[in-house]
2 protein chains.
Amino acid sequence: MQKATIKDVSERSGFSITTISRVLNGNYPVKKETREKIMKAIDELNFSRNSSARNLRTKKSNLIGLVVADINNPYYSKIAKKIDDGLFEKGYNLLVCNTDESEEKEKRILSTLQDKDVDAIVISPAAKNIELLRQLTDAGTRIVLIDRNMGILDIPFVGSDNFSESKILTEYLIQQGHQKIMFVSGTDKAITAQDRLFGYKAALEENNLQFDEKNVVKGYYKQEDAYKNTYTFLTNNLKSDEPCTAIFSSNNLMTIGIIQAIHELNLRIPQDISLVSFGQLDSQEIIEPKVTCIKQNIEQLAKSTLEKTIEALDDNKSNIDSNIIRDSLEIGTSVKNLNK
Amino acid sequence: MQKATIKDVSERSGFSITTISRVLNGNYPVKKETREKIMKAIDELNFSRNSSARNLRTKKSNLIGLVVADINNPYYSKIAKKIDDGLFEKGYNLLVCNTDESEEKEKRILSTLQDKDVDAIVISPAAKNIELLRQLTDAGTRIVLIDRNMGILDIPFVGSDNFSESKILTEYLIQQGHQKIMFVSGTDKAITAQDRLFGYKAALEENNLQFDEKNVVKGYYKQEDAYKNTYTFLTNNLKSDEPCTAIFSSNNLMTIGIIQAIHELNLRIPQDISLVSFGQLDSQEIIEPKVTCIKQNIEQLAKSTLEKTIEALDDNKSNIDSNIIRDSLEIGTSVKNLNK
DNA sequence: GTGAAAGCGCTAACAT
DNA sequence: ATGTTAGCGCTTTCAC
């Protein structure tokens, strides 16, 4: 059974394809009676428009590309959900792409999205790939950066102030008497990873504490890597003269890996080692111990991203302002107060 | 700056558009020298194919529709990730759609996907909408059912044996001495919700325990509804003569809501009330108490789904076998043994 | 208010 | 090995 085309509807209803198209688009006056007859034919033939043909003519795909490291990260899946919720009713669909933090894959994704003529791309870039984004905007594709800024002035950004929040979180640890703080870092290429590390460093410096490169462990924003590397690090570090008393995890996924490593080493949080996380754990309310963290305002982030995307799709409003979402320090029970 | 077309490449390179197309598709012999010249022109013009035009001709979109209740549910986002991982290299992209368990929305989604000429749809149906799926298969769209079967014999299915697993989980509670077991159910229209309830009933019956409709509380597979309705139910129930001693949650999201309700009522698990869950919690390893559950083999499910999808896309292999994934009973510390 | 016809960018059958 | 051309299904200009 072949799909009915506008021509079939034309033949069945006796009107020209032009009129069918007008009924379909509803952007042109058509006699009521005519419309009804056509609607009937559409119904009987179970006709539905071919998007490819339509896109080809109109140069609009009604597709939004969402490019993130991993859709399996609740941080991103929440954004995905929100955008879909807000844009489905407007006729858009969401094309989800995972970079896996690979710069090379990101390139291929962006190229594919360009081929597919997506109307907009919402992206949390794996790397600072400015040229590619520029190419896309030149070709008319609207872009919204989330989570990871790139300092491109004419592209709107929605995300956290990673430097400041990270500094706040580190300062909290210092306040509680911690001086040797292990830092589990993200991917080198992500600007957030750099900013979070800078925030940590800045807090140390301001408190006259020595930054020690050896205490920085790479976790690549991945649970598994964080687990392995934390396990190895702690195994050695805890035997040393001045072991770390706390761990700073620079994202939610790695925090889980770190907790697993701590469990495996038969350590208790916070009695044996303290832990803070940049980014809350999903369903954190029911996790024991409650991890002290920078709680990212994901609801707000998702909402702003949706708004920015809608604006970006609107030819008349080209709002290129950035939107820095304020996060909050949420005190849990994962940090031991060493001052007592 | 307008996007370059195949015609531009033709003009720049001096070859006909056919030859360009052949170089692009690589399915036809082209002289090496010619190819190189053309590649150069493609590069210089930063040309990339227009998918709409291509789809229109070939009737292939290289799009896979993924239709689930909520991409924010880790169960589904893991599947999404796996499919994307496996299919991106083959040139496919994933169109993610959320039904929010709404039958009406599902209809609109399927209609949109049909318009977009998706090559295949991977769907966990919100309702038993057989006619619509039939329409799609008639039009040549390949379909893979996940999670929720519909008893359509010629459409492949990948998912759990909900009835049996649910029975096993209920039997475990009975073994531990529980007789009054609250059941938090999913959406009426989802077959999994029915099967899980049937499994629960069957276990009760086989153990000569009375099924009591009053102990079934609707949670609609949603965290928030489960939270509210459990809270209300427990508030009344615990004052009654014979209060429930255990709760059976029929999915992972609701389990979180239920735990929240329990916390709010200042009850302890398992001392005051026991809890089991159909479907594990995400990062369950680090949650206290560890919830006894049917641990769904999501890795395997995702893997099988990917395989089935690849098969479905292949015209030569039309494998319509179902693939029932074996889950496992994972004993945690959330159930009190009443026999002691 | 309605219709005829051009053409979006590409692929593939046919021709050379 | 390369080119010519028809046409996928739709929107849109122009004509009536």
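Residue numbering restarts at 1 for every chain, and letters A, B, ... go by the order of the sequence lines.
- With a 4.5 Å cut-off on side-chain heavy atoms, A/L133 and A/M150 count as touching.
- Taking 4.5 Å as the limit, every side-chain heavy atom of B/E103 sits out of range of all side-chain heavy atoms of B/K128.
- Of all nucleotides listed (D/dA6, C/dA6, D/dT2), D/dT2 comes nearest to the side chain of B/V30.
- Ion pairing of A/K303 with A/E307 is present here, as a side-chain N (NZ or NE/NH1/NH2) and a carboxylate O approach within less than 4.0 Å.
- What separates CZ of B/R49 from P of C/dC8 is a distance of 19 Å, to the nearest Å.
- Residue A/S21 places at least one side-chain N or O under 4.0 Å from the OP1 or OP2 atom of D/dT11.
- Here the nucleotide nearest the side chain of A/K31, chosen from C/dT2, D/dA1, D/dC10, is C/dT2.
- Distance NZ (B/K3) to C1' (C/dC10): 12 Å, rounded to an integer number of Å.
- Considering A/K59, A/K60, A/R142 in turn, A/K60 is the only one that fulfils the salt bridge (Lys or Arg N to Asp or Glu O under 4.0 Å) rule with A/D119.
- The distance from atom CG of A/L45 to atom P of D/dG9 is 14 Å, rounded to the nearest whole Å.
- Residue B/N25 has a polar side-chain atom (N or O) positioned under 4.0 Å from OP1 or OP2 of C/dT11.
- Considering only side-chain atoms of A/S16, the nucleotide from D/dT11, C/dA4, C/dG1 that sits closest is C/dA4.
- Between B/E101 and B/R148, at least one side-chain nitrogen of the basic residue sits less than 4.0 Å from a carboxylate oxygen of the acidic one, meeting the salt-bridge criterion.
- Contact check, A/K59 against C/dG9: a side-chain N or O comes under 4.0 Å of OP1 or OP2.
- In this structure, A/T18 does not reach the C/dT2 phosphate: none of its side-chain N or O atoms is under 4.0 Å from OP1 or OP2.
- The shortest distance between the side-chain N/O atoms of B/T19 and the OP1/OP2 oxygens of D/dT2 is not below 4.0 Å.
- Near-neighbour residues of DNA chain D inside residues 4-12 of chain B, defined by a heavy atom below 4.0 Å, are absent.
- Contact annotation for B/F15: backbone-only contact, meaning every heavy-atom pair under 4.0 Å involves sugar-phosphate atoms and none involves a base.
- Straight-line distance from the CZ atom of A/R54 to the P atom of C/dG7: 21 Å, rounded to whole Å.
- Atom CD of B/Q300 has more than 12 neighbouring heavy atoms from other residues, nucleotides or ligands inside a 6.0 Å radius.
- What separates OH of A/Y28 from P of C/dG1 is a distance of 9 Å, to the nearest Å.
- Residue contacts for B/N55: at a heavy-atom cut-off of 4.0 Å it reaches no nucleic acid atom on any strand shown.
- Residue B/T58 is in sugar-phosphate contact alone, with no base atom involved, counting any heavy-atom pair closer than 4.0 Å across all strands shown.
- The interatomic distance linking A/R35 (CZ) with C/dG1 (P) rounds to 10 Å, in whole Å.
- Contact check for A/I310 versus A/K90: side-chain heavy atoms found under the 4.5 Å cut-off.
- Between A/R22 atom CZ and C/dG1 atom P there is a gap of 10 Å when expressed in whole angstrom units.
- Counting only heavy atoms from C-beta outward, the side chains of B/C97 and B/K105 never approach each other to under 4.5 Å.
- Among the heavy atoms of the strands, none lies under 4.0 Å from B/L24.
- In this model, the phosphate group of C/dC10 is not approached by any side-chain N or O of B/S52 to a distance below 4.0 Å at OP1 or OP2.
- If you take CD1 of A/I20 and C1' of C/dG3, they are 11 Å apart, rounded to a whole angstrom.
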